[in-house]
Amino acid sequence: MSSTVREFIGELDNVRVAITGAGVAQLSSQVLRGRVQRLVDTYFTSVRPGIVGNETQLEALREAETGLQELLSLSHGRSLVSKYKRVLKTVRETLVAFDGVVTAQPASQTNKVSDVDKTIIATLTNLVPSAALSYCQAITDLQAEHRFSWRGPATDLREALRETLDHLAPDVEVAKGDGFKLEADAKGPTMKQKVRHILRKRGVSKTLTSAPESAAESVEAAIGGFVRSVYTRSNVSTHTPTDKSEVLRVRDWVRVSLCELLEIPT
Amino acid sequence: MATVVAYYLSEFAPEEDRRNSITVEDVQKYFKQAKFNLPAKPAQLLVDTKGAGYFDSIVRGEYKLNSVGYNLVAHSMPTAKPGK
């Protein structure tokens, strides 16, 4: 992405040099005005679609886009060269600042994926690839500052845990276990029962199984409540920040459960 | 212990013995070699280890250490103290 932006800045400089080199106060040359229009077209058709960034970065980019639209407007008449130079300068400065920010971003984003999450993803990739993808997607989505809805990462986290539990403890096996009893209104074993089944098979004591069992139970309860609450809230956007913190809590519970189930030390 | 044997077979065994699977014969051979108590039913040990989520079944009686079993041996088991 950065290389595309830099190439565009280079082309913008070329246009500015050409306009300045014309040595006139008012730009009437059809060739140069056509060049300005092509420059604007290139941005909106080739450069802009490939740009991704967070809300703040894209907001900064809007200043450059307003400038480019102004350039297009200037190119439709015999406008002053000084106006072109002023707008080109603003567009350039905004794009250079944007380039600096996005160039630094990948490293900082990578750092946000903890070593534990990397190990969880690597283990799941070999064990249940679809669960690995769900977990990876949720962790990536949670790095965003703003989203219209947080249901996606919440359900991805639940699915990552559910699929892992289904793989390690199929319903039939859990149902055959000693003392198994369906919980009220449940059609099959709950996540909590599956966690207990797996850890008992590993010989983990009752005391030690309680933490991951509770975490799995909390995931079920929280996501059930979370998804329902989105339907019942009249103004979802007002509650978005709260929703993110709820999903972060779910992530912590899923992480605790997965670390225990996948034998990942924390 | 079955996971340790499977890990040894896949990672550290001499070239001619190295493989990604474990059977009852391996349990008997390597438990004895390590002076570890033989289980009453070695075949059941492999079934139980699969049930605990550490093995995947390849064919009947033959199992493979999966990534959870690998994590258990490589990352979660206590390491020997120097000099022991």
Side-chain angles (χ1 to χ4, degrees), chain A residues 115-132 135 160-178 180 189 191 193-205 208-209 212 216 255-266, chain B residues 1-12 18-24 27 30-31 34 36-82:
Chain A
D115 288 343
V116 169
D117 285 334
K118 283 179 193 165
T119 312
I120 289 173
I121 292 164
T123 306
L124 285 178
T125 300
N126 292 318
L127 197 72
V128 195
S130 53
Y135 191 79
L161 180 60
R162 190 189 59 74
E163 286 188 61
T164 307
L165 287 169
D166 285 349
H167 178 83
L168 294 172
D171 285 5
V172 185
E173 276 187 31
V174 179
K176 281 193 288 189
D178 287 344
F180 173 78
M191 291 212 261
Q193 287 175 316
K194 289 194 169 203
V195 171
R196 181 182 299 165
H197 174 84
I198 296 162
L199 298 182
R200 290 271 168 84
K201 283 239 169 195
R202 291 180 188 172
V204 178
S205 73
L208 292 176
T209 63
R255 195 186 273 156
V256 164
S257 302
L258 287 177
C259 282
E260 200 65 42
L261 296 168
L262 304 176
E263 297 287 358
I264 294 168
T266 50
Chain B
M1 183 59 187
T3 54
V4 175
V5 173
Y7 183 77
Y8 167 79
L9 283 171
S10 65
E11 305 288 328
F12 297 106
R18 196 171 297 182
R19 62 187 186 281
N20 286 323
S21 63
I22 179 171
T23 61
V24 173
V27 170
Y30 291 103
F31 269 54
F36 204 82
N37 287 345
L38 266 176
K41 294 177 182 171
Q44 189 58 40
L45 175 71
L46 296 178
V47 173
D48 289 343
T49 310
K50 178 187 175 289
Y54 299 131
F55 285 163
D56 287 334
S57 180
I58 301 174
V59 291
R60 194 176 169 83
E62 198 170 346
Y63 299 86
K64 180 184 160 198
L65 191 72
N66 63 23
S67 50
V68 183
Y70 177 89
N71 284 346
L72 173 73
V73 183
H75 306 300
S76 295
M77 283 189 170
T79 50
K81 288 177 184 163

If the contact rule is any heavy atom under 4.5 Å from chain A, which residues of residues 41-53 of chain B qualify, in numerical order? B:Lys50, B:Gly51, B:Ala52, B:Gly53

Close side-chain approach of A:Phe180 and A:Arg196, heavy atoms under 4.5 Å: no

Considering all heavy atoms of both residues, which atom of B:Ser57 and which atom of B:Tyr63 are nearest to each other, and what is their separation? CA-CD2, 3.8 Å

Please name the pair of heavy atoms, one in B:Ile22 and one in B:Ala2, separated by the smallest distance, quoted to 0.1 Å. CD1-O, 3.6 Å

For B:Tyr30 together with B:Phe36, are the ring centres under 6.0 Å from each other? no

Closest non-hydrogen atom pair between A:Val128 and A:Thr164, with its separation: CG2-CA, 4.3 Å

With sequence neighbours excluded, residues passing side chain to side chain donor-acceptor pair (under 3.5 Å) with B:Thr23: B:Glu25, B:Asp26

Does anything in residues 64-72 of chain B get under 4.5 Å of chain A by heavy atoms, and if so which residues? B:Asn66, B:Ser67, B:Val68, B:Asn71, B:Leu72

Under 3.5 Å, which donor-acceptor pairs do the side chains of residues 167-176 of chain A form with other protein atoms, sequence neighbours left out?
unit_1   : atom_1 : unit_2   : atom_2 : d
A:Asp171 : OD1    : A:Lys194 : NZ     : 2.5

Heavy-atom check, side chain of A:Leu161 versus side chain of A:Leu261, under 4.5 Å: yes

What are the two closest heavy atoms between B:Leu9 and B:Arg18, and how far apart are they? O-CG, 3.1 Å

